[in-house]
Every structure is written in C-alpha cells, then in structure tokens.
K.L.:
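Following this message is one structure expressed as structure tokens.
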Amino acid sequence: MADRYEPVQFEARWRKRWAEADLFRTREEPGRPKFYGLDFFPYPSGAGLSVGHCRNYIPTDVLCRMKTMQGFNVLHPMGFDAFGLPAENEAIAKKTTPAPMIDRYAETYRRQMDLVGISYDWSRSFKSSDPSYYKWTQWIFKVLYQRGLAYRKPASVNWCPVDNTVLADEEVQGGLCWRCGTPVEKKWIPQWFFKITAYAQRLLDDLDKIDWPEGIKQMQRNWIGRSEGVEFSMRVVFGGPAASRADSGPLPMPGDPDLEALRTEVAIEVQPSPEVEQARRLAASIEDAARSIEGPTAFEKAMDDFERHAEKIQVKVQDKVPYLRVFTTRIDTIFGVTFCVIAPEHPLVETLIAQADSETAEAIRNYRTEAASMGEQDRLAAEREKTGVFSGAYAINPANGARVPIWIADYVLMNYGTGAIMGVPGHDERDFEFAGKFGLEVVRVIDSAVGANEPLPFPAKDGVMVNSGEYEGLTVAEGQRRLGEWIEGLGIGERKVNFKLRDWLISRQRYWGCPIPVIHTKDGEEQLVPDDQLPVYLPEVENYEPSGDGSSPLTRIPEFVNVTDLDGRLGRRETDTMGGFACSSWYFLRFCDPHNEDRAWDKDKVDYWMPVDAYVGGAEHAVMHLLYARFWTKVLFDAGYVPVDEPFQRLQNQGMLLAPTPFRKPRPGEKLSVGQEGIQITFDEARALPPEEVFFRMEKMSKSKGNVVTPEEAVEKYGADGVRIFELFVAPFEQSVPWSEEGATGAVRFLSRVFKLVAELAPHYDRQWKTSIDAIDMEGVARDVRRATHKAILKSTHDIERFAFNTYISCLMTFVNEVNEAIRKSPDPDPALRLALSEALESLILILSPAAPHSADELWESIGNAGFTFLHDWPTGDPALAADDEVQIAIQVNGKLRDTLTMPAGASQIEMESAARASAKVQTHLEGKTVRKVVVVPGRLVNIVAN
RNA sequence: GCCCGGGUGGCGGAAUGGUAGACGCAGCGGACUUAAAAUCCGUUGUCUUCGGGCGUGUGGGUUCGAGUCCCACCCCGGGCACCA
C-alpha cells in the first residue's frame, strides 16, 4: 500500500474504471430527491481550458458528488455553446469550416474535463450547433413569434466593419466591437427582435424569489432600470427674446387669475385632439381584437396600419400647436425648470430649424451633424464637457407659465424616455453643469427643510418643496403624487413607468448560427416554417465569408434562399441567423431530455428536474445570458411548456484565477485609454526588453494574455486530485486569486499525509465497526477520535452545501492532523480505539471523495473494500458525538481577556461565574474595584464589569 | 459619478456580536541522512522593563463586549456609465 500520494500510479486507472462502469450516468430512480447541478454552457475555443476554468467545474463537481452520495438523483450534464462568431472567423481565416473545428475543440474540452475527474454524464451531452438541438431552438423561436414576442423592424444597429456583422448594444464595449475592438458604425437594416421589454416588470419582481448573490440581482435591477415618473406635454413657442424668469418680471402666483387662465390655456393647447383620443381608443380595441386573432401576423399588420395613421394625426396636431413631450422622475421639481433639452435626433429638431432664424438654424444643423458623426463612445465619454446649442424656441412650463429656452444637447439620449427633458439645474447634477456652462438660471425648489438653504445642486429626494406656489412645504413624495394627479387631471400627461431595458436584438448576418424559421412571401408577409419541416438546416457551403453589404452569406446560396411558401408561391427564406444567446437560453431544459426527437423535451422530465438547483459560472454573464434565459423560461412557462418561471433557483459565481502578465510602459506617441496602465506584451517580448520598461500585473488567465496554465500541465505536476484540492482550498469560492505553485505543493503534501495515515490505520481497520461501536462507552483518545470524526463529517457537509469549499478542505486537514496525533499517542490501540479509528478511516475516505475522488477510490480499495466511493452513502454526523466534553471559557474583566479556564461543557452560569471570580489573575485586576455586573455566555465566556 | 464586492500576520486566508489569526504557504530551530531532497517534530502578529501593552484601512458611535452592527471618510477590485 502506498504511503504517499503518487497520482501517476492510479488516477488514470480510476478514470478508466469509472468510464467502464458508466458511473456518472444520471440516476432517475423513483423515491429519491432530485438535484440539478449545472455549470455555465461553455463556448469551446481553440485555446482549450486553463486551470482557471476548473475553478468553475471542480466546486460544482464536489457538490454534485456529495449529493449523489447523499442519495439524490443528480443531473450533472455538460454541453457546448458551439455557434458563434469566433469559430466562424477562425474557420474563415484557416480556410476551413466551423463544424469539424468546433467538434475538435469540444473534444479537447471534454478530454480536459475528464482529466480532472469531473463527473459529467456525457451521454446527455450535445452542441448547440447539432441540428437535433437547433431544430428546437427554432421551435422556441416560433413559440415566441406566435405570442407576439418576436418581430422585425428596421433599426439603427451597431455595425462592425471588420467582423462585418451587427452587434447587440450589449456587445459593444466603449464604442468598440467587444470581439475585435474596431470602432462601431451605425447601419440601418431590418432586424429581428425578441420583445423582452414586455417582461421587464416580471423580470424585476421575480428577482425576489430566487437565491442569487445580491450583487448580481442588483446588476440586473440596474440593467432593467425601472423608473417611475411623469410624462407630459409642454407648449412650444418660437422666436422672441431669450426670456427667463428674471427678465420677464415676477411670475403670476397661484390664485392669480392670470396664472389660472394661462394654465388652462396651455393645457387646452397641448391636450390631445379629439382625433388623437379617438385613435387611442381605436388602438386599444385593435389590440384587443388582435389578441383573439389566430396567428401573430395579423396582429402585427394591424398595429403597423394603426401606427402609420396615428403618425399622420400626430403630425397634424403638431402643425397646429407644437408641443414637447418630456419625461421626468422629479415632477416635484417642476417649478424649478429653467430650460428644456432635447436630443439632437429628436423629431422636433427639424421643426425648430424651419422656424429659427438663419444663424440659429445653421448652428443647429452643425451641432446635429457633429453629434451624429461622433461615435457613441466619444459622445458618452465620462468627463466630457457639456455641449449644446440654443434652438431659438421656448417651452411653457404648465405649472407656472414660465417661458424657458429649449436647448439641443447630446447629453440627452433619444432612445430613453421621450428624448426630451425639463432642465432643473437646482436639483440635477447634469442639468446644473449644463446651466453653469451656458449661463442658465438656477432656482431652488427643494430643500432639506424650509429655510435650510442647502448648497445647490441638491438632488436629494428627502426634502420639502419650496418656491413652489400652492405646493410649498410638501415632501418630495407627496409633491410627486399631487403634481402627477394635477397633470393627469389637466389632461396634458400621465404618470408613467419607464424601463432602460431594450428589446433583445437577435439577428446576425452570419453563417454560423441557428437559422430563423421564417419565409418571406412575395407580398412581404412573414410565414413560419411548419413544425414538420424543422429544422431549417444550415447548409454546408464552401464560401461563407460575410458579404460586406450587411446581408448574411446565406443570401448567396440560392438553394437555401429560394423556397415555396405555404401557399405554393415562390418565397424567400430568412437569411439572418440567431445570436448565440438564443441557443444558451434553453439548454438547461434540453439536458432534462436531451435526445428526444419528437419534441424539445418531455414535460414530465422537465417537471422532474427543473429548476436548476445550483447554477455555477462567472460573474461576467451577470446580466445578458442570465436575463435572456430567465425571459425564455417565463415565456415557456406562460405557454405551459415548463413548470417554473425561474430557471435557476440558486446561482453562484466563482472567482477567477489570476496569473502574472507582462506589460510595458507606453512609448512616445502611444496613448493609453482611461484605466489602462500599460501595453500588454508577450512573455517573449518581456524577456527581450530592458527590465525597467516591463512590469507585471495580475490578470485573468486567458489565451490572449499568454499567461495560461493548462490542466494538462497542472495535472502532470500535482495530479488531478492535487489540482482539485488546491483550487478548492486556495481561497473562498467566489474570490479571485493568483495561481501559485507553492500553494499547490501544500495540496499534494496534504494528500500524501492522507495516504500515510490510511496506511498506518489499515492494520487496525475493523470492517464490522458499525455493529459494535455504539455499544461501547468511549473515553480518552478513542472519544477524541470519534469526536473529531463527527465534527469533520458535520462541517464538511455543511461547508459543501454553502459553497465554502476552502473551509471544507481545511476541516479535512484538521481531521487528519487530529487522527495523526491520536495514533501517535496510542500506537498500540485497544479495541475501543480500533473501532473509533475504523470509523475515522472510512469517514475520512468518504468525505474526501468529492474533493479527491481518485485518491478516495484508491484508498477505499487499498483497505480491502469493493466498489466506488461515489456510490457509497455519505456518512451521517451525530452532533452529540461531535460535542465537546470540556470547553475553554474566556474570562474577561471589563471586556479584556485576563484568563482562560477549562470547564465541563455543561457548566452552569453560576459555576462559570464563581470559577471566574476564583481566578487569581482575575482577582488582581479586580483589586480596589467594585463589581457592577457579570455577563455569562454559557460555554463561551464570563465578563466581569467593575470599576 | 452611480451600483456591487473587498481591505485581518511575510503571503493565501479563518472567525452564528463572545478567547482575532483556524487551515495552508513561506520562514526559523531541530530529528533522520555522509550530504541533499523528501518526510517528521517544534516554533512563528507585534512591542515589552516579562507585569503586560498594542493590534482586523482611518476617525467616530452603539454595546458588558465590535473584524463582525451604525455614521463619516480613505484605498483596492469588478460592473454600469450623461438613463431625465
């Protein structure tokens, strides 16, 4: 029997035996509880895995292995998110096709995951690019479409001229393509969208029912970005002097007939005309009617027709009385409005140009051109000074009749709210800055208390209204309610909820993605491909380089494009493919029933396995993937296909493994962007440069940084179990930590100590210990061993459950140390101790098994036991046996530790207090003082308060 | 600027408001060895007049008692970023 950890001697052998026994095939025995443990769907890249990726897979594996041993039916699958740009780009570069390449990469991933002993059920594996999988991605697309949640609209999209593809807003980072770093341009083409905004409120609300890290939930809340406010109209007047409150004399105050008349007049002027009201009612009835129509096309068509007509009506109304629609979350500050700002893209800008004098019109045109030419990146740059141009027009504040200038500025965005705001510089930082820049008036209308005179800007919401006519003295909340009601009563606006969240753009003008199952008819209608014709296969082609004109390479394949529609006429197949986030929004459902050819999944199977009980992956997917997957699940729930409306009950984010990465200082002429500290270089370059030019930073391991340690390298050096133990032990699960060679040797040493201990205990091992151990009254060393055993079992179980893998490993170490000490004390154990040691021996191997499964099986066999530890029952800890007989009691005087006493665990408070008072050390500290109070915490401490 | 984490020995880290530093790494001393590696044993926050004092980013507060709770601030990491 080996008395040290020699992984080459046995690890590969055990992996072979596990595979031969089909050990990890999902158990679905009735009568057992279920557990679904899932890692994020990885995208297989040519670089293979690093030990950093294992930071994800190993902990999940530990949890799933323990759950299996605890008797759960465990679903622990792995598959591959195989569609996507990098594979396509790489295949183009290498003049090959993505499919076989991705197959090879996935094979590598699998080999590496097997190498570290992850217990995946590979019989359930699939790739999202398998036709048997994407058939059902297309089917779900149809479900969305049929529920009015998939639609096409021309939209300004982000265009990457290098990838020749469209990027989602979320895929643009700092104005650059997140993949290739090219500045993104704008392009208008028809795009497919999923209407995730229809689920915004539910996506927000249901965060409360899932067990996710609070930080991730908060990020999703911010992304959804719900804000309550008021949207209302302001009358627009052209020309005239640049009047402000100051030079237009005192404003009429509440009660003044002039003001009341003015308010009425303004309200009537900007009230929707009867035509618009009629159109609104019509819209509601169209919507109702559309819901009862079978098929979404009719609904969409009806809505299009309506919108076209509504637009005409709007234009008419605007011709008559131009008005400006603004959205504000701070209607309570309406008396502090000193200007308005509209986005350069706002439709009113055209009208303003037409009405302005030639000089102003010229300025506006220039400004608009400038704003349009600027990349989003520059326009939204953090500390950029405010810019803007006066439009020559004014808006009438409906609350006090003030005539305020309308400005055009790019700090207001067209795609949020109405693209227009009321400027309240007294109570908004950005407006304050803008007012300062252009010399606009700043008025105080909120204060922490009447007369407090807080410095402006004062954006706080806990305050009261001042200088606000009849609303004087109201709290912000009360003022918002009253003014909201007032505006609604006046008929010029309404309270409204706005979301930042935008609809999910899924169109990709790319080859390597899931085809969209839609046929465009000659008449420009959309037809869904019938179920029995799914999947729409991605054709095999030789040349699929991007066309460069924005259309997919599929456009150039006549046999793909040309089809007959449902009515037998010639039609055109949709050539856009779906972005990868679509594929990864339901794979967790397919794992429940991965090879079903008749439907996406059998409802019973999904009913059984869903939701995912532990979903584990990096925090970089905090928003997009998790939000999209939640959205699809909710849609499928509403359609009755899945039993849950949240897919992932519990989410855990692992930390990254960091590695030193070389950088050099910038050379003359090179510019660093904000937050960048140097230019990243290769290790070869670093060696070639003088040392003073090179510095190292800890960065996430990634192929592009050249700082990767592969699982192969690590396993060769430290063994699979050594790597597993080290990665678990090195830091708390969710924390990023540098990869360190020294730490890994500690893990190897620990495993060697386990082998040595088992070798020493083996001669004393009594396989029948269970039958007699509870009949014997243990004392001394035997009792200590039993206590250590049950403590270790209880703590391991609890720590794995709460994702505290580092303390799980440390408690194994402590356990080994304690048993070691026991046999050193009693090298010749008596029968009682032999029983205790036998229990310790078995328990140690079993609770070690999730973390170091190869070693556990090797040790298990070495002491003469058959079978795999994976199939053995998880030991049960007994809190009574784990309890200490004696405890150390801290004795404090005035909160400072003065003595520690050893006392029986059950000592009463009175016993503890008198023991404390009897302590000589305590008495010296009590000399000359009067005891005022004694605090006794049973089993813990006594604190004597004296002065 | 906003949001989310986090700041504890030389290092990674542990600690339901109750003895700060578990466990490991590195260091130091010793055993074994011709020697080294490996292994094992001991030791290791800091100052000290050896009584004890000081110690969990800083300053306050609550408490019999604070790494832990509250307030203000500083620093580090990540995310979002002119969202009205």
Side-chain angles (χ1 to χ4, degrees), chain A residues 3-4 173-174 213-219 221-223 225 227 229 231 326-331 333 340-341 379-384 386 409-413 415-424 428-431 433-434 498-501 619-620 622-623 653 655-656 658 698 700 725-726 729-732 734-738 740-747 749-750 752-753 756 804 806-817 820 824 887-901 921 924 932-946:
Chain A
D3 64 350
R4 53 182 295 174
Q173 295 182 344
E214 204 41 55
I216 299 287
K217 287 197 201 179
Q218 199 52 48
M219 282 162 78
R221 287 190 192 107
N222 294 344
W223 190 270
S227 57
E231 190 180 301
V326 300
F327 176 73
T328 180
T329 55
R330 293 299 302 273
I331 193 66
T333 62
C340 282
V341 183
R379 177 163 160 181
L380 302 182
E383 261 104 48
R384 189 169 146 252
K386 294 271 182 292
D410 60 12
Y411 81 95
V412 170
L413 304 176
N415 58 17
Y416 184 79
T418 58
I421 62 158
M422 56 181 216
V424 187
D428 182 281
E429 302 272 3
R430 293 152 303 173
D431 296 346
E433 201 190 318
F434 189 78
N498 248 328
F499 293 97
K500 274 201 282 186
L501 183 69
E620 65 272 17
V623 178
N653 295 120
M656 297 174 292
L658 310 174
M698 283 310 204
K700 180 184 173 179
I725 295 279
F726 171 60
F729 178 65
V730 65
E734 65 280 5
Q735 190 171 309
S736 292
V737 74
S740 97
E741 301 285 320
E742 296 80 39
T745 63
R749 271 208 284 255
F750 162 66
S752 278
R753 282 205 302 279
K756 191 169 171 214
N806 57 331
T807 53
Y808 155 55
I809 300 299
S810 78
C811 103
L812 292 179
M813 290 171 167
T814 307
F815 182 33
V816 167
N817 293 345
N820 254 326
R824 204 162 345 104
V887 287
Q888 297 282 311
I889 304 295
I891 311 299
Q892 299 179 336
V893 176
N894 291 332
K896 279 188 189 290
L897 183 72
R898 295 304 177 189
D899 201 1
T900 58
L901 301 175
K921 288 183 190 168
T924 48
R932 301 290 174 191
K933 187 177 178 182
V934 179
V935 180
V936 182
V937 181
R940 281 281 178 184
L941 64 66
V942 179
N943 186 11
I944 299 170
V945 185

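Chain letters run A, B, ... following the sequence lines, proteins first, then strands; residues in each count from 1.
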K.L.:
In terms of side-chain heavy atoms of A:Val412, which of B:rC82, B:rA84, B:rA14 is nearest?
P.N.:
B:rA84
K.L.:
For A:Asp428, which contact category applies under a 4.0 Å heavy-atom criterion: base, sugar-phosphate, or nothing?
P.N.:
nothing
K.L.:
Taking atom C1' of B:rG78 as reference, at what distance in whole Å does atom CE of A:Met219 sit?
P.N.:
8 Å
K.L.:
Can you confirm whether A:Asn894 sits close enough to A:Val945 that some side-chain heavy atom of one is under 4.5 Å from a side-chain heavy atom of the other?
P.N.:
yes
K.L.:
Say we look at B:rU58 and B:rG67: how far apart would their C1' atoms be, to the nearest angstrom?
P.N.:
15 Å
K.L.:
With sugar-phosphate meaning primed atoms plus P, OP1 and OP2, does A:Asn498 contact a base, only sugar-phosphate, or nothing at under 4.0 Å between heavy atoms?
P.N.:
nothing
K.L.:
Heavy-atom distance under 4.5 Å between the side chains of A:Arg330 and A:Val424, does that happen here?
P.N.:
no
K.L.:
Please classify the nucleic acid contact of A:Thr328 as base, sugar-phosphate, or nothing, using heavy-atom distances under 4.0 Å.
P.N.:
sugar-phosphate
K.L.:
Rounded to whole angstroms, how far apart are CD on A:Glu429 and P on B:rC82?
P.N.:
15 Å
K.L.:
Using a 4.0 Å heavy-atom cut-off, does A:Gln218 contact any base of the nucleic acid, only the sugar-phosphate backbone, or nothing at all?
P.N.:
sugar-phosphate
K.L.:
Between B:rG5 and B:rC69, how far apart are the two P atoms, rounded to whole Å?
P.N.:
12 Å
K.L.:
Just to be sure I understand the rule, does A:Gly746 reach a base, reach only the sugar-phosphate, or reach nothing, if contact means heavy atoms closer than 4.0 Å?
P.N.:
sugar-phosphate
K.L.:
Let me know, please, whether A:Asn222 or A:Gly419 comes out on the 5' side of the other along RNA chain B by nearest nucleotide.
P.N.:
A:Asn222
K.L.:
Using purine N1 to pyrimidine N3 plus N6-O4 or O6-N4 for Watson-Crick, or N1-O2 and O6-N3 for G-U wobble, each under 3.5 Å, what pairs with B:rU33?
P.N.:
none
K.L.:
Quick check on B:rC54: is either OP1 or OP2 less than 4.0 Å from any side-chain nitrogen or oxygen of A:Lys896?
P.N.:
yes
K.L.:
What's the gap between B:rU68 and B:rA15 when it is taken at their P atoms, as a whole Å value?
P.N.:
15 Å
K.L.:
In whole Å, what separates the C1' atom of B:rA22 from that of B:rU8?
P.N.:
13 Å
K.L.:
Scan every strand shown for a Watson-Crick or G-U wobble partner of B:rC23, both distances under 3.5 Å, and answer none if you come up empty.
P.N.:
B:rG12
K.L.:
For a 4.5 angstrom cut-off between non-hydrogen side-chain atoms, does A:Ile891 reach A:Val942?
P.N.:
yes
K.L.:
Can you tell me how far P in B:rC28 sits from the matching atom in B:rG21, rounded to whole Å?
P.N.:
25 Å
K.L.:
Whom does B:rG5 pair with, Watson-Crick or G-U wobble, provided both distances fall under 3.5 Å?
P.N.:
B:rC76
K.L.:
Could you pull out the protein-nucleic contacts involving nucleotides 5-12 of chain B (nitrogen or oxygen on both sides, under 3.5 Å)?
P.N.:
{"residue": "B:rG12", "atom": "O2'", "partner": "A:Val730", "partner atom": "O", "Å": "2.6"}

K.L.:
Indicate, with a heavy-atom threshold strictly under 4.0 Å, whether A:Thr924 touches base, sugar-phosphate, or nothing.
P.N.:
nothing
K.L.:
Using whole Å, report how far CG of A:Leu897 lies from P of B:rU19.
P.N.:
9 Å
K.L.:
Remember a base hit wins even if backbone is also touched, and classify A:Asp431 as base, sugar-phosphate or nothing at under 4.0 Å, heavy atoms.
P.N.:
nothing
K.L.:
Reckon A:Arg753 has a side-chain N or O less than 4.0 Å from the OP1 or OP2 of B:rC23?
P.N.:
no
K.L.:
With heavy atoms under 4.0 Å as the rule, sort A:Pro213 into base, sugar-phosphate or nothing.
P.N.:
nothing
K.L.:
Between A:Ser227 and B:rA84, is there a contact of a side-chain N or O with OP1 or OP2 at under 4.0 Å?
P.N.:
yes
K.L.:
Rounded to the Å, how far apart are A:Arg932 CZ and B:rU63 P?
P.N.:
18 Å
K.L.:
Mind checking if A:Glu734 touches a base, just sugar-phosphate, or nothing, with heavy atoms under 4.0 Å?
P.N.:
nothing
K.L.:
Taking the same atom, P, in B:rC3 and in B:rU48, what whole-Å distance lies between them?
P.N.:
46 Å
K.L.:
Mark yes or no: A:Lys386 above the aromatic ring of A:Tyr411, with NZ or CZ under 6.0 Å from the six-membered ring centre and no more than 45 degrees from the axis.
P.N.:
yes
K.L.:
Side-chain N or O of A:Arg749 less than 4.0 angstrom from OP1 or OP2 on B:rA26?
P.N.:
yes
K.L.:
Between B:rC40 and B:rC25, how far apart are the two P atoms, rounded to whole Å?
P.N.:
10 Å
K.L.:
With heavy-atom distances below 4.5 Å as the criterion, would you say the side chains of A:Arg898 and A:Thr924 are in contact?
P.N.:
no
K.L.:
Using atom P in both nucleotides, what's the gap between B:rG24 and B:rG17 to the nearest angstrom?
P.N.:
26 Å
K.L.:
Nearest whole Å is fine: how far is B:rG18 C1' from A:Lys933 NZ?
P.N.:
14 Å
K.L.:
Specify the glycosidic conformation (syn or anti) of B:rG51, with syn defined as within 90° of 0.
P.N.:
syn
K.L.:
Tell me what A:Val945 touches on the nucleic acid: a base, only sugar-phosphate, or nothing, going by heavy atoms under 4.0 Å.
P.N.:
sugar-phosphate
